[in-house]
Every structure is written in structure tokens, then in C-alpha cells.
There are 2 protein chains.
Amino acid sequence: MSRRVTIADVAAAAGVSLMTVSRVVNNNGPVSETTRQRVLEVIAELGYRPSELARGLVTRRTRTLGVVVPDVSNPFFAGILRGVEQVAYAQNHNVFLCNTEESPERELTVLQSLEDKHVDGLILCSSRMEDEQLAKVLEGFDAVVLINRFLHGSRVATVLVDDQAGGRHVVEHLLRGGRRRIGFLDGPLSSQSGRLRKAGHRAALADAGLSYEDVPAIDCAPSVSGGLEGARRLLRQHPDIEALVCYNDLVAVGALQACFSLGRKVPSDVAITGFDDIELAALVHPPLTTCRVPRYEIGLRAARLLMQQIHADDEDVEDLVVQPELIVRASAP
Amino acid sequence: MSRRVTIADVAAAAGVSLMTVSRVVNNNGPVSETTRQRVLEVIAELGYRPSELARGLVTRRTRTLGVVVPDVSNPFFAGILRGVEQVAYAQNHNVFLCNTEESPERELTVLQSLEDKHVDGLILCSSRMEDEQLAKVLEGFDAVVLINRFLHGSRVATVLVDDQAGGRHVVEHLLRGGRRRIGFLDGPLSSQSGRLRKAGHRAALADAGLSYEDVPAIDCAPSVSGGLEGARRLLRQHPDIEALVCYNDLVAVGALQACFSLGRKVPSDVAITGFDDIELAALVHPPLTTCRVPRYEIGLRAARLLMQQIHADDEDVEDLVVQPELIVRASAP
DNA sequence: TAGAATACTGTTAGCGCTAACACACCGATT
DNA sequence: AATCGGTGTGTTAGCGCTAACAGTATTCTA
């Protein structure tokens, strides 16, 4: 790479001062039409492009966002990231991506490095840090949006999924289909989403005059094998189950495999529902009825919220709750 | 955000010059042990962190990489990205992610913006740009690694998948299993990977004394529906087919569905193979025999190659060919 | 026609940092 | 005693850019 063309080169070649070039480039301040044309010509000729580094140092705007996720190769976060990058691109910003790999130490490290790089804003997904430490680190940023993480006692914009409504949709759908004896594969106890979805299940049952007390329910790992084992146990303990509500699509795929190995037909013997609507959900046999969490849209809206904060003068902070959508397929028609 | 602590604040508080602080921070140049300790104390007390922006401007190193992919939400690219970020993190670099959404114009735009941001190196996946234009744009970067794209007549480091070997593995495996009458769902004609895999198929058949001429083969879209349609047509035209070799796992899933709807048992009537080993491959029924493309590892190795270039003085450029691995599952035992 | 407003351009300073050099001080060498 | 080389520190300049102010020349107002 030969030396980059600088604003000084352009100024010299066009026979004007640095500021005149700067004014043309940034399109602010008055410049006569003839001068502007001459400068633009020289710029095109030399292929001048302003250094964002130097610019950022003086303007304190880097046109740069940070996105921190546990793991990009998780389709959920990849979808969010794509949404964020879409908005960033449309507004001439670039996106730093950082994986935390679920480690709070790494999370802290990457947040600091993003601060050192002077990002204009930060989108932090599913933070695993303690409230107090998180609040402190976030002070280093001008604009922040949290996704899937509520920070108590702090005015930070937040985007959340309405898991409770999603849980309710799923159960109501099964009840409408005439299934009364419903079993639950609840996923890991530690999951906040799981607890919220469970609350939604309970509410739907209560509305239908059913109690949650004697309902067959079991925790399981949020994976295919977790669903397989869990469903086997549940179906053996409660052979009268007509439907299985699963924590997410992976668990539901496991449940599907369990039904297959136990000779239970899906959906005629047992209906199955998942959650998230990952690609896989539509591709297994039978395809899964599930609750779609609009990950791309979450990314879009979080990024828009962030850009709003970046450009706004006031400190007002908006929150957002995204509604999941019931997707009916053959596993629970 | 209150004003950041600068090196001047530290220098003043410690009663030394800026350079002494700089020397302590960067651990270069001689500093007496007592001074070093005092400076370190002040740094810790004030919470000073050097501005990467200012540093980058003068050192011409931003500790920043760019990764350009068609679409992060494609698991293949997400896996690569994760590998790259892993290496970057380990070496204190940050990663700019850019999606091109398959648009050459957008690709050009993001490449320019990465140049403007002074990235130390670039990893470009599956570039859709013309050779000539690409070569020109890449001149703006000190270090470049291309993934899944060969650039003729230019010395650019490249990481490629050995698709031909992969294609060969798959067919050889089927032949070993005694299947002689093999059908091919070749994917889109435009795919370079597809052509290479096809060459591998042909070589394996030739080695077994079989000609490729009268072999049932058909192009199809690289998707589930493409595979479904293609397999239906192929199986109807050639009812004696014992195995289907599919362009990728999605096509294979479609083929699986086609066999199911035609009442052909997999693998007893028809064996099926995919390519890529996406998550889905292990989760359908029966699970797919496929060829694993190690996307995470590709990311790792591309990033290491890039870091090597960044730190090396010479202009030497290494290439890399990654071997796909045959994964045998129930769809073609 | 004086004075003010406007349009255009230039100069200066500085964002936060480090490279390069300058300098003072020490003990060791000739 | 003069010279050398090392060690620790400071000073200066400048990376590439823009904010803020300072001119000019021109036009407008009363």
C-alpha cells in the first residue's frame, strides 16, 4: 500500500487551503461553485478518501458501533447482528462484532476494547455480567441498547422479547385444537425466558379453567438430546399426554425423535410445539408448530433505537418489547 | 459519558512527562522502576486507558480487522466469523463485520469504508466482484486473505476448501457400500464449488471403472425445495437409482422428503449424502451422511494467516487448502 | 456613502498520542 | 582528565483532520 492521499495533497493540487477541501468534503460552510467543482475534480482524480481515524479524533464521532453477543454462530444472534449491520450500513456506520463465548471476563475485556476504540454506540446481547459491574462499564458509552437483558436501576434502552405472550399463544393454540392433557418440557431452570414462557403457559391454562398443579412438566437441557430424554420420561410417566409444549425448537426436535421411537404418531397421537422458529423447525418431519422470535427485526429495531440515541440531544431512553408470532405447521395443526 | 482520562492527566498527576507515561503503557524505552510504579498507580487510580484512535493515527496500526461476508446469518459464514474473531481476540484486535447481501456494489462500498477506517487486515469471503476491480480495491489494504475466491494474476493469500476431494470421498464411500447406480443432484451450474465437487465425483467413478456419461444427474436450486423437486424428477426418470449424491445438506434434506413421499426407504432403497455438515444434517431422520466443511477452522486459519502477514516484513503470501471430512451417518451407512 | 451584512477563503490551534531527537547524569574505559 | 556508552527523562514535531476565529471582497441597507 502506497501512502494514502491526504487532504493536504488535495489542497495543494487544487490550490486552496485545507479548510476549503474539508468544507467541500463535509458539505458544510460556504464554498463557491467554481471552487467546489475544482476540488471535487481533484478529489476524484487523486482518489482521496478522508481518514476516519483522524476525523474521529477531532469530531469525537467514529461512525462505528459495537455489537457484543455470546456467540455469532448461534443463529439467533447471527440474525440480530444482520439486522444491526443492515441499519448501520444504511447510515454509513461500521459494526465491531465481539463474541463473549459466555465468559463474563471476556465480556468485560471486549467492552473495554470497544470503549478504547471510541464506538459511538453499543448493542449488548444477553449480557452475563452482574448488574453493578455492568452499570459501571456502560458508563463508558454515550449510547447503549441492551437486548434480552434487563438492567435494574439504570436508564438504559432495552429490547426484550415478550416470552410470556409467546408461551400463552402456544398453549392457547393447543387448547383450541381440543388438546387438554398437555405436557411441558421446560428447558433449563436458569433461563429467564423459560420462566416467562412458563408464566404464559400457566395463564393460558388458568383462562381455560385448568390448574397448573397436576400438569406433567419436566426440566431439560435446551438441546435435541435434552428434549429426547425429557420427552421419553414424560411420555412414560404420563401415557395419556396429547401434546408436548417444548422450551425451544431443538427440544421439540428431540421430542419428535422420542415420539418416533415410542411409536407415537405426531400430531395424531401427540402434538408438539417448539419456540424460536429456527430454520430447522420447518425442515423436520413433520414441520414444527412454533413461536417465531423475529431476530432480524430485533436487530433492526435495536440499531434504530441506538442511532436515535446517538443523534438525539436529550438523554431520553426508549424501551421496546417485541412480540413473538405463532407459526402453525403440521406438528400441531 | 464524562471526559475521558488522557495521557496528559496521568502525566500531570504523576509529575512526569507524557513520554514517560507512554513508555510505561507501551512497555518500551527505559523507565526507572520507581517511576514505573508511580505511573502505574496513577493509571489504576484514574482508570486511564489509551485512545486507540489517537494511537492508530500515529502508529498506523489500529488493531482492527475487517471481515466481509455475503450474509452472517448463513451458518457457514457465521462459523468462519467466529473463528476469525477468536484469533483476533486472542491477539487484542477487534473485528469489523460487513455483510454484502450478495451485492457487488455494497461489497465495494464496505471495502472502501474499511479502508477509510484503516483496518490492519482484511478477510474477504466469497467475493462477487470482478477480478480486475477486486484487485484494484485490494491495493488499499496492507494484508488480505481471500476465502472461497481465487483471484487470478495477483499475489493474495487464499483459503480454499478442497471440494474436489470432498466430492470424491462421498462417491467412494457409496461405492464401497456396494451402490453402483448413483444419481447426482448437482446444485446450481454457476457454483464453482459445485463444479469442483462434480470433478471429484467423476474421478471416483472413473477409478471404479464407471463412466460418467450415462449417469443420472440434474441441476437444482441449492435449497430444500430444489432438492425435493430434483430428487422427484430423477427418481421417476431412473427408478433403479440406489443412491443420491446431493450438492449440499439442504438439497439432501429435500431429497429425503422426496424419498419419503415416493415411499422409498432411506437408506435401504436409496442412500443419500449431503455436503457441508450443517447442524441440520445430524437432526433430520435419518441423519445425513455428509462431508464436513470445517468453517470455524477456516476462520481460525485465515485469521492466523492474516496476522502473520500483518506482522511479517516480507511480502510473502501463503495459501491454504482445507480438507473436508466425510461424516458417515444413517442416511448412507 | 457610511455602515452593516453576507459570501468566500485562510490561519491557528488542537484532538491524544508516539517517533525521534536532545540532554543530563552516571560509572567505566583509555 | 577526556571519552565513551548506557540509562533515565524531557522536548519537539506531527499523524490527518476540523472547530473556531480572522480576514478579505462583495453586496445590501438606510
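Just so it is clear: chains get the letters A, B, ... in the order the sequence lines come, proteins before strands, and each one is counted from 1. Any value given below was found using the heavy atoms of this structure, including those in side chains, with hydrogens, waters and symmetry copies removed.
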Practice problem: Determine, for nucleotides 7-14 of chain C in 5'-to-3' order, which nucleotides have protein heavy atoms under 4.0 Å from the base (write B), from only the sugar-phosphate (write S), or from neither (write -). | Solution: -BBBB---
Quiz prompt | Pairs meeting criterion ring pair (Phe, Tyr, Trp, His ring centres under 6.0 Å) with involvement of residues 40-85 of chain A, two or more places apart | solution = none
Practice problem: Scan residues 39-55 of chain B against DNA chain C and write down, sorted by residue number, each residue with any heavy atom closer than 4.0 Å; if none is found, say none. | Solution: B:Tyr48, B:Pro50, B:Ser51, B:Ala54, B:Arg55
Contacts under 3.5 Å, N or O only, protein and nucleotides 23-26 of chain D:
none

Quiz item: At what angle, to 10 degrees, do the two end axes of the helix from C:dT1-D:dA30 to C:dT30-D:dA1 meet, given five pairs define each axis?
Solution: 50°
Self-check item: Spacing between B:Arg60 atom CZ and C:dC17 atom P, to the nearest angstrom
Solution: 18 Å
Quiz item: Phosphate oxygens OP1/OP2 of C:dT18: is one of them under 4.0 Å from a side-chain N or O of B:Ser22?
Solution: yes
Practice problem: Apply ring pair (Phe, Tyr, Trp, His ring centres under 6.0 Å) to B:Tyr296 and list each qualifying residue two or more places apart in sequence or on a separate chain. | Solution: none
Self-check item: Contacts of B:Glu102 that satisfy salt bridge (charged side-chain N to carboxylate O under 4.0 Å, His left out) - sequence neighbours left out
Solution: B:Arg128
Quiz item: Can you name the salt bridge (charged side-chain N to carboxylate O under 4.0 Å, His left out) partners of A:Glu101, sequence neighbours left out?
Solution: B:Arg82
Quiz item: By salt bridge (charged side-chain N to carboxylate O under 4.0 Å, His left out), which residues pair with A:Glu107, not counting sequence neighbours?
Solution: none
Quiz prompt | Main-chain N/O of A:Ser113 paired to B:Glu52 side chain as donor or acceptor, under 3.5 Å | solution = no
Quiz prompt | Donor-acceptor under 3.5 Å (B:Asp162 side chain, B:Val321 main chain) | solution = no
Quiz prompt | Qualifying salt bridge (charged side-chain N to carboxylate O under 4.0 Å, His left out) pairs with a residue from residues 38-51 of chain A, counting only residues at least two apart or across chains | solution = A:Arg49-B:Asp116
Exercise. Measure the distance from CG on B:Asn26 to P on C:dT18 and round it to the nearest whole Å.
Key: 5 Å
Quiz item: With B:His152, which residues qualify under ring pair (Phe, Tyr, Trp, His ring centres under 6.0 Å), at least two apart?
Solution: B:Phe150
Quiz item: What residues, two or more places apart in sequence or in another chain, satisfy salt bridge (charged side-chain N to carboxylate O under 4.0 Å, His left out) together with A:Glu297?
Solution: A:Arg301
Exercise. Please work out whether the ring planes of B:Phe96 and A:Phe96 are parallel, tilted or perpendicular, with thresholds of 30° and 60°.
Key: parallel
Quiz item: With distance as the sole test, does A:Arg149 use its side chain to make a donor-acceptor pair with the main-chain N or O of A:Ser127 at under 3.5 Å?
Solution: yes
